[in-house]
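Data block below; observations after.
Chain letters run A, B, ... following the sequence lines, proteins first, then strands; residues in each count from 1.
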Amino acid sequence: MRYLPEFQMRWSRFFLQTVREVPADADAVSHILLTRAGMLRRVSAGVYSLTPLGLKAHRKAEAIVREEMNRAGALEVELPILQPRELWEESGRWSRYAAEEILFHLTDRKGGEYCLAPTAEEAVTSMVRAGVTSYRQLPVTLYQIRTKFRDEIRPRFGLMRGREFLMYDGYSFDADTEGLDRSYRAQEAAYRRIFERCGLDFTVVDADSGAIGGSASQEFMVLASTGEDAVVRCPACGYGANLEKARTGPRPVPWEDETITGMQEVETPGRGGIESVVEFLGITASRMIKCLVYETEKGCVVALLRGDLDANEVALKNALGVDHLALASEEKVEPATGAPVGFVGPHALPEGIRVIADESVRGAVNAVTGAGRRDWHVRGFATERDARVDDWAEIAQARAGDPCPRCGKPLEIARGIEVGHIFKLGTKYSTALKCEFTDEKGDTKPAVMGTYGIGVGRTMAAAIEQHHDADGIVWPLALAPFAVEIVSLNSADEATRQAGDALYEALAASGTEVFYDDRDERPGVKFKDADLLGFPLRVNVGGRALKDGNLELVTRHDRKVRLVPKDGAAEAVRKALEELAAR
RNA sequence: CGGGGCGUAGCGCAGCCUGGUAGCGCACCCGGUUCGGGACCGGGUGGUCGGAGGUUCAAAUCCUCUCGCCCCGACCA
């Protein structure tokens with residue numbers, strides 16, 4: 001067997017099978033194309049094998065992450081994938097993750113419990129605490145790029161949301177929050193370089209840092225219609241936030257300049273929901289105030305929102321300072337509020353139940369809301385006069401068209417794929433795991449941590465979501481498994497074979513990543529496959545052009561064809577690649 | 001977790017309702033004709049019909065259980 005450098009390959013000796021038909025279980029474009037291009041095979045729900053070609057693209061993405069992280073001063077480590085329960089007990093995450101059933105766990109022959117790591121805060125923190133004793137040893141940022149395991153509720157979209165996946169995970173340790181700011185910004189800068197190099201159109205949004213107690217968190221979102229997450233953006237000023245985190249400016253109010261009137265009851269038989277009441281009374285939804293009853297670990301809570309708005313449960317959770325939040329079941333609403341679902345009245349609530357109101361109902365007059373008894377609503381409701389509000393907060397979800405919180409221009413809602421996340425963690429893990437050092441004054445302090453993640457396979461899939469056409473993948477040069485594909489139009493023809501071989505050898509000799517379709521197939525088949533595989537540059541060898549001493553250079557992204565003389569072809573290819581790289 | 005659907009050849013599917021020894025397209029192998037955008041003709045290879053149990057003279061088909069997979073939803077009053 002002849003040794004072949006990995007940057008060159010003849011298809012006739014490669015392990016690659018493309019498929020014509022769309023696999024039945026593939027839904028996302030990237031999943032379909034990765035499967036059809038023979039790069040990816042499903043083994044089980046959310047578990048995939050990569051073929052040699054798939055691995056090459058995956059490794060490209062991985063190498064870019066590694067290069068940029070090394071450049072940013074982070075140090076690569078290897079932390080265990082198989083982690084003992086005790087380590088997770090130290091941080092308190094075992095019970096939480098096990099309860100959420102996200103953790104794959106197993107038992108060894110002695111009955112010891114382990115998990116397959118979904119992330120490695122505990123492992124890295126225990127590594128650092130064993131080595132760092134002084135502020136002089138800080139800061140340090142450690143990272144790894146290894147397989148992670150999460151028992152996702154619903155794996156889907158191929159590499160996009162798997163149960164086993166390759167992830168970059170980085171962890172910074174600083175002596176103080178100013179240090180953390182610097183480490184965090186260094187990661188952010190590295191992330192930007194990584195996704196730019198991958199040719200991705202992305203946006204950075206504020207994300208919820210939630211109950212974990214972090215102080216800041218941002219997500220890197222690749223904009224794509226198939227994205228699983230909704231992101232709110234302001235085209236005017238660049239504001240961006242995850243839907244859960246998004247704020248809005250003050251919305252126009254329907255009751256502006258109206259004078260306050262008395263409250264009067266109106267019979268609304270069987271009309272519980274907002275839509276139903278709106279229709280029955282002939283009013284707009286924004287004229288209504290909805291009362292949502294939530295159960296939390298601290299008891300039932302009533303949330304007031306304008307009728308046309310939806311609750312942002314993450315914001316609500318944060319505003320209430322609770323860990324658990326769920327809409328109360330129908331049977332529980334009446335005992336808690338004195339009225340059945342659909343008729344709860346903010347003015348008719350029992351003492352003791354906590355009431356939190358969204359800013360959208362502040363100053364409301366002449367509003368309509370539940371009367372606090374079945375089949376009755378009230379008109380002329382005025383929040384400040386009639387309701388007892390314990391807390392005011394922004395707990396409504398942003399909508400497209402709502403004013404931007406920064407500049408007031410209309411917001412847009414787009415779909416995005418979360419490819420990376422950076423998070424100022426603080427001292428949660430360093431305190432729990434006693435990762436402490438001595439500062440200048442001799443005091444013992446926990447390290448201030450940041451945690452960072454990039455989905456490698458997801459980044460690759462996102463690149464395909466953004467770069468494809470009806471015929472196949474259009475790889476950005478940086479992620480393409482091969483830069484060039486030589487298509488021999490007639491492998492049986494001696495002159496064609498010689499010209500193809502010569503170009504292949506010349507490119508291989510100069511280290512160009514070249515794939516040579518030397519199969520005994522008809523040209524049409526090869527063209528279709530070349531488009532499907534989507535390498536940035538294709539060289540057609542043979543036919544009419546070759547008779548004139550020329551080869552055809554075809555760029556995948558714009559399908560432009562240009563003729564180059566056979567003899568200078570290798571040089572022309574290298575130049576074309578430089579042009580593509582500069583694009 | 002709730003609802004719906006699907007497991008039949010490597011891939012995509014039909015057959016099931018109304019039981020009677022398993023079929024189509026693609027791919028694959030052989031021969032021939034073709035050869036610049038997924039060729040054509042002829043001949044072939046390949047399936048314990050997801051698994052277990054049951055009914056029956058006879059089960060892909062009917063019944064029971066089970067495993068796997070896919071899609072939608074997870075309550076906004």
Legend entry - Face-on cation placement of A:Arg556 at A:Trp475 ring, 6.0 Å and 45° thresholds: no
Legend entry - Pair of N/O donor and acceptor under 3.5 Å linking B:G10 base with A:Glu21 side chain: no
Inset, instruction - Give, for atom OG1 of A:Thr268 and atom CZ of A:Arg379, the distance between the pair rounded to the nearest 0.5 Å. - result: 10.0 Å
Inset, instruction - Look at the side chain of A:Asp471 against the base of B:G37 and say whether a donor-acceptor pair falls under 3.5 Å; ignore hydrogens and angles. - result: no
Legend entry - From B:G36, B:C76, B:C13, nucleotide with atom closest to A:Arg544 side chain: B:G36
Inset, instruction - Considering just the side-chain nitrogens and oxygens of A:Lys290, establish if one lies under 4.0 Å of OP1 or OP2 belonging to B:A77. - result: yes
Inset, instruction - With heavy atoms under 4.0 Å as the rule, sort A:Gln17 into base, sugar-phosphate or nothing. - result: nothing
Inset, instruction - Would you indicate what A:Asp310 reaches in the nucleic acid, counting non-hydrogen atoms under 4.0 angstrom: base, sugar-phosphate, or nothing? - result: base
Legend entry - Nearest-nucleotide 5' precedence on RNA chain B, A:Val293 against A:Gly542: A:Gly542
Inset, instruction - Write down the distance separating the P atoms in B:C63 and B:A27, rounded off to the nearest Å. - result: 38 Å
Inset, instruction - Could you work out which one of B:A77, B:C71, B:C13 sits closest to the side chain of A:Arg156? - result: B:C71
Legend entry - Qualifying residue for ring-ring contact (aromatic ring centres under 6.0 Å, His included) with A:Phe535, from A:Tyr516, A:Phe482, A:Trp11: A:Phe482
Legend entry - OP1 or OP2 of B:C26 under 4.0 Å from side-chain N/O of A:Arg20: no
Legend entry - Pair assignment for B:C17, Watson-Crick or G-U wobble, requiring both distances under 3.5 Å: none
Legend entry - B:U18 and B:C62, which share atom name C1', separated by this distance in whole Å: 11 Å
Inset, instruction - Check whether any side-chain heavy atom of A:Phe381 lies under 4.5 Å from a side-chain heavy atom of A:Val365, and answer yes or no. - result: no
Legend entry - Distance test, side-chain N/O of A:Arg154 to OP1/OP2 of B:C72, below 4.0 Å: yes
Inset, instruction - Check whether NZ of the Lys or CZ of the Arg A:Arg161 lies under 6.0 Å from the centre of the six-membered ring of A:Phe157 and within 45 degrees of that ring's axis. - result: no
Legend entry - Which nucleotide in B:G38, B:A77, B:U34 has an atom nearest any side-chain atom of A:Arg522: B:U34
Inset, instruction - Check whether the side chain of A:Arg538 and the base of B:G37 form a donor-acceptor pair under 3.5 Å. - result: yes
Inset, instruction - Report yes or no: do A:Asp310 and A:Gln397 form a side-chain donor-acceptor pair below 3.5 Å? - result: no
Inset, instruction - Output the single nucleotide from B:A77, B:G38, B:G36 whose closest atom is nearest the side chain of A:Val333. - result: B:A77
Inset, instruction - From the options B:G37, B:C71, B:G36, select the nucleotide whose nearest atom is closest to the side chain of A:Asp27. - result: B:C71
Legend entry - Counter-base of B:G47, judged by Watson-Crick or G-U geometry with both distances under 3.5 Å: none
Inset, instruction - Using the C1' atoms only, state how far B:U8 lies from B:G47, rounded to an integer number of Å. - result: 8 Å
Legend entry - Proximity to the side chain of A:Phe527 - top-ranked nucleotide from B:C76, B:G37, B:C28: B:G37
Legend entry - A:Ser44 side chain near B:C69 phosphate (N/O to OP1/OP2, under 4.0 Å): yes
Inset, instruction - Mind checking the CG-CD spacing from A:Leu577 to A:Glu513? Nearest 0.5 Å is all I need. - result: 9.0 Å
Inset, instruction - State whether the distance check finds a donor on one side and an acceptor on the other, under 3.5 Å, for side chain A:Arg42 versus base B:G68. - result: no
Legend entry - Inter-nucleotide P distance (B:G4, B:C17), Å rounded: 22 Å
Inset, instruction - Could you tell me whether A:Ala328 contacts a base, only the sugar-phosphate backbone, or nothing, with contacts defined as non-hydrogen atoms closer than 4.0 Å? - result: base
Legend entry - Complementary nucleotide of B:C1, counting Watson-Crick and G-U pairs under 3.5 Å: B:G73
Inset, instruction - For B:U55, give its Watson-Crick or G-U wobble partner with both distances under 3.5 Å, or none. - result: none
Inset, instruction - Check the distance between B:C28's P and A:Arg519's CZ and give it to me in whole angstrom. - result: 10 Å
Inset, instruction - Indicate, with yes or no, if the rings of A:Tyr48 and A:His31 have centres closer together than 6.0 Å. - result: yes
Legend entry - Gap in Å between the two C1' atoms, one belonging to B:G44 and one to B:U61, rounded: 30 Å
Inset, instruction - Any strand is fair game: report the nucleotide pairing with B:U33 by Watson-Crick or G-U wobble, both distances under 3.5 Å, or none. - result: B:A39
Inset, instruction - Could you check how far CD of A:Glu152 sits from P of B:A74, rounded to whole Å? - result: 18 Å
Inset, instruction - Look at all strands and tell whether A:Arg41 reaches a base, only sugar-phosphate, or nothing, counting heavy atoms closer than 4.0 Å. - result: nothing
Inset, instruction - Could you give the distance separating B:U48 and B:G23 at their P atoms, to the nearest angstrom? - result: 14 Å
Inset, instruction - With RNA chain B as reference, determine whether A:Glu275 or A:Val554 sits nearer its 5' end, using the nearest nucleotide of each. - result: A:Val554
Inset, instruction - Can you tell me, in whole Å, how much space there is between the P of B:G50 and that of B:A60? - result: 10 Å
Inset, instruction - Under 4.0 Å between any heavy atoms, over every strand shown, what does A:Ala311 touch: base, sugar-phosphate, or nothing? Just pick one. - result: base
Legend entry - Sugar-phosphate, base or nothing in reach of A:Gly273, heavy atoms under 4.0 Å: sugar-phosphate
Inset, instruction - For A:Ile274, answer base if it contacts any base atom (sugar-phosphate contacts may also be present), sugar-phosphate if it contacts only those atoms, and nothing otherwise; contact means non-hydrogen atoms under 4.0 Å. - result: sugar-phosphate
Legend entry - Distance between P atoms of B:C24 and B:G5 (Å, rounded): 30 Å
Legend entry - Residue A:Pro523, side-chain atoms from C-beta onward, closest of B:A77, B:C28, B:G36: B:G36
Inset, instruction - Using a heavy-atom cut-off of under 4.0 Å over every strand shown, decide if A:Ala545 touches base, sugar-phosphate, or nothing. - result: base
